[in-house]
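Encoded as structure tokens, the structure appears first; notes follow it.
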Amino acid sequence: MVDKSFYNIKEDITLAKAAEVMSAVLQNAAKGNEKISAIATMANAGSEDICFFYDRKIKEKAANMKAKACVTTEDLQSFVPENVTVLISSNPKEAFIKLNEYMYAERMPQPGIDASAKIAESAHIGESCFIGANVVIGENVVIGDNCIIEPNVVIAHDCKIGNYCRIGNNASIAYSIIGNHCYIYTGARIGQDGFGFQFMNGQHHRIPQLGRVIIGNDVEIGANACVDRGALDDTVIGDGCRIDNFVQIAHNDKLGMGCVIVSQVGIAGSCTLGDFVVLGGQVGLADHLNVGSGAQIAAQSGVMRDVEAGAVVMGSPCVPFKDYMRQVSFLQKNSKK
């Protein structure tokens, strides 16, 4: 169950209203004025709750459902007990998101600037922003309207942040331009030096990193992720990208629109990803590679050469998914001989 201590919750939503919010069809219109108190999992939902059932693999468990109502598909409704009110949705996962967003909301701070924040006189803070305790904002920084800058954030000189952005506590931002509706999670490091060295006179000599990080609109960058600034060219994160916790994106990398980068991925320098590329957890990319739009790279794969658009690859070094499965099958068969 959702803990009321942490979230603002709308309770006593009628089934008719829930159906409207989800664009679902309430099978028994006479139940429209009955109320639900919470969203719960199918296994834990009680007599005042609504649950969601969309996975045929667990259809046997549906018989034990104790919820007041269940959102499911037309194909699965026959598995729902008769005493549970059914709402039909063509996409219960999307319906869940819609109802979740309607019923629950994080508790957000009210606009204002904490007295302990250190803000340069030349910085510009937009309207209706929250600036938390011990925040440091450097010279010529521009922060748009309706932003939330959580405690202990450091934003270095001349950075620009758009409207409706949220910067999680203890994050640091430097040499960066960030669009609107972005969420930089707790502890992320944006715009630090790229990892570039040249062996000179018997030692590793640091190569100056003179580029920036450019982040588009509607981007999320997870907790403790690192996005390094470019050496000369910029590091670019396209609109709508979703970057998980503990991801490393190196200098000069270019990500297209809507890429999904899962936890512990490491992308070496000067790689280019097309639109809607998916990298599973712990994928590693060598430097100067191109990954085409729509490509999917499975978890723990090692990418050492370019990947074509739309390809699905796996393994280290990665190969097309079907080839990888043949390799696994061959090894399993021959290891038994």
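A 6.0 Å sphere centred on CZ of F79 holds more than 12 heavy atoms belonging to other residues, nucleotides or ligands. By the 6.0 Å contact criterion, OH on Y183 is enclosed, its count of non-hydrogen atoms from other residues, nucleotides or ligands being greater than 12. Enclosure of atom OH in Y104 by more than 12 non-hydrogen atoms of other residues, nucleotides or ligands within 6.0 angstrom is indicated. The environment of CD in E11 is crowded: more than 12 heavy-atom neighbours from other residues, nucleotides or ligands sit within 6.0 Å. Heavy atoms from other residues, nucleotides or ligands lying under 6.0 Å from CZ of R107 number more than 12. With a 6.0 Å radius and a threshold of 12 heavy atoms from other residues, nucleotides or ligands, E308 has its CD atom at or below the threshold. No more than 12 heavy-atom neighbours from other residues, nucleotides or ligands sit within 6.0 angstrom of NZ on K118.
Taking every heavy atom of both residues into account, C51 and M65 meet most closely at SG-SD, 3.7 Å. Considering all non-hydrogen atoms of both residues, V319 and Y324 come closest at CG2-N, 3.6 Å. Here the shortest heavy-atom pairing between N180 and G162 reads OD1-CA, 3.3 Å. The minimum heavy-atom distance between A295 and V307, with the atom names listed, is CB-CG1, 3.9 Å. Pairing each heavy atom of M108 with each of I148, the nearest pair is SD-CD1, 3.7 Å.
Qualifying salt bridge (charged side-chain N to carboxylate O under 4.0 Å, His left out) partners for E34, counting only residues two or more places apart in sequence or in other chains: K31. Every residue two or more places apart in sequence or in another chain that forms a side-chain hydrogen bond (donor to acceptor under 3.5 Å, both in side chains) with D228 is listed here: Q248.
In this structure, F199 has its ring center no closer than 6.0 Å to that of F197.
Side chains of R189 and Q192 form a contact here, defined as non-hydrogen atoms less than 4.5 Å apart. Between V303 and V283, the closest side-chain pair of non-hydrogen atoms falls below 4.5 Å. Considering only heavy atoms from C-beta on, I184 stays 4.5 Å or farther from V153 through its side chain. By the 4.5 Å heavy-atom criterion applied to side chains, D234 and V213 are not counted as neighbours. You'll find the side chain of I237 reaches within 4.5 Å of the side chain of V227, heavy atoms only. Looking only at side-chain heavy atoms (C-beta outward), V136 and N152 stay at 4.5 Å or farther from each other. Using a 4.5 Å cut-off on side-chain heavy atoms (C-beta onward), T72 and F52 make no contact. Side-chain atoms of F53 and L76, non-hydrogen and from C-beta on, do get closer than 4.5 Å to each other.
K68 contributes atom NZ, which lies 4.0 Å from atom CD of E48 (distance to the nearest 0.5 angstrom). Rounded to the nearest 0.5 angstrom, I243 CD1 and C226 SG are separated by 11.0 Å. Taking CZ of F321 as the start and CZ of R326 as the end, the distance is 11.0 Å to the nearest 0.5 Å. Of the inter-residue distances, the one linking I39 atom CD1 with N44 atom CG reads 14.0 Å to the nearest 0.5 angstrom. Note that CD of Q198 and CG of N201 are 10.5 Å apart. Values are rounded to the nearest 0.5 Å. To the nearest 0.5 Å, the span separating CG on D114 from CD1 on I149 amounts to 13.5 Å.
Using a 4.0 Å cut-off between charged nitrogen and carboxylate oxygen, D49 and K66 do not count as a salt-bridge pair.
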Would you mind writing out the side-chain donor-acceptor pairs for residues 125-132 within the sub-3.5 Å range, not counting sequence neighbours?
none

Counting only pairs under 3.5 Å, give me each side-chain donor-acceptor contact of residues 12-29, with atom names and distances, residues two or more places apart or in other chains.
unit_1 : atom_1 : unit_2 : atom_2 : d
T14    : OG1    : K17    : N      : 3.0
Q27    : NE2    : Q77    : OE1    : 3.2
N28    : OD1    : A30    : N      : 3.1

Review item, side-chain donor-acceptor pairs of residues 256-278, under 3.5 Å, at least two apart:
unit_1 : atom_1 : unit_2 : atom_2 : d
S263   : OG     : N245   : O      : 3.0
Q264   : OE1    : Q282   : NE2    : 2.6
D275   : OD1    : M257   : N      : 2.8

Side-chain donor/acceptor pairs under 3.5 Å, residues 80-91, sequence neighbours excluded:
unit_1 : atom_1 : unit_2 : atom_2 : d
S89    : OG     : N91    : N      : 3.1
S89    : OG     : N91    : O      : 3.2
N91    : OD1    : K93    : N      : 3.3
N91    : OD1    : E94    : N      : 3.2
N91    : ND2    : E94    : OE2    : 3.4

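The closest donor-acceptor contact from the side chain of D253 to the backbone of A250 lies under 3.5 Å. With hydrogens and angles disregarded, no donor-acceptor distance shorter than 3.5 Å links the side chain of D158 to the backbone of V141. Using a distance-only test at 3.5 Å, with no hydrogens or angles considered, a donor-acceptor pair links the side chain of E150 to the main chain of N169. S176 places a side-chain N or O within 3.5 Å of a backbone atom of A174 that can act as its donor or acceptor partner.
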Next on the checklist: Working note: M304 + S316, criterion side-chain contact (heavy atoms from CB on, under 4.5 Å); need CA distance, chi angles, decisive distance, verdict.
Outcome noted: CA-CA 8 Å; M304 301 174 190; S316 185; 4.3 Å; yes

Next on the checklist: Test side-chain contact (heavy atoms from CB on, under 4.5 Å) on H124 and K160; report intermediate values, then the result.
Outcome noted: CA-CA 10 Å; H124 174 78; K160 293 178 174 59; over 6 Å; no

Item to check | Working for side-chain contact (heavy atoms from CB on, under 4.5 Å), residues V219 and D239 | outcome: CA-CA 6 Å; V219 172; D239 293 349; 5.6 Å; no

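Annotation: cation-pi geometry not satisfied between R212 and Y175 (NZ/CZ under 6.0 angstrom from ring centroid, within 45° of ring axis).
With respect to K254, the side-chain contact (heavy atoms from CB on, under 4.5 Å) criterion is satisfied by exactly one of D233, N290, T235: D233.
A donor and an acceptor atom, one from each side chain of Q209 and H251, are located under 3.5 Å apart. Inspection of the D75 and T73 side chains reveals no N or O donor paired with an N or O acceptor under 3.5 Å. Inspection of the Y185 and E220 side chains reveals an N or O donor paired with an N or O acceptor under 3.5 Å.
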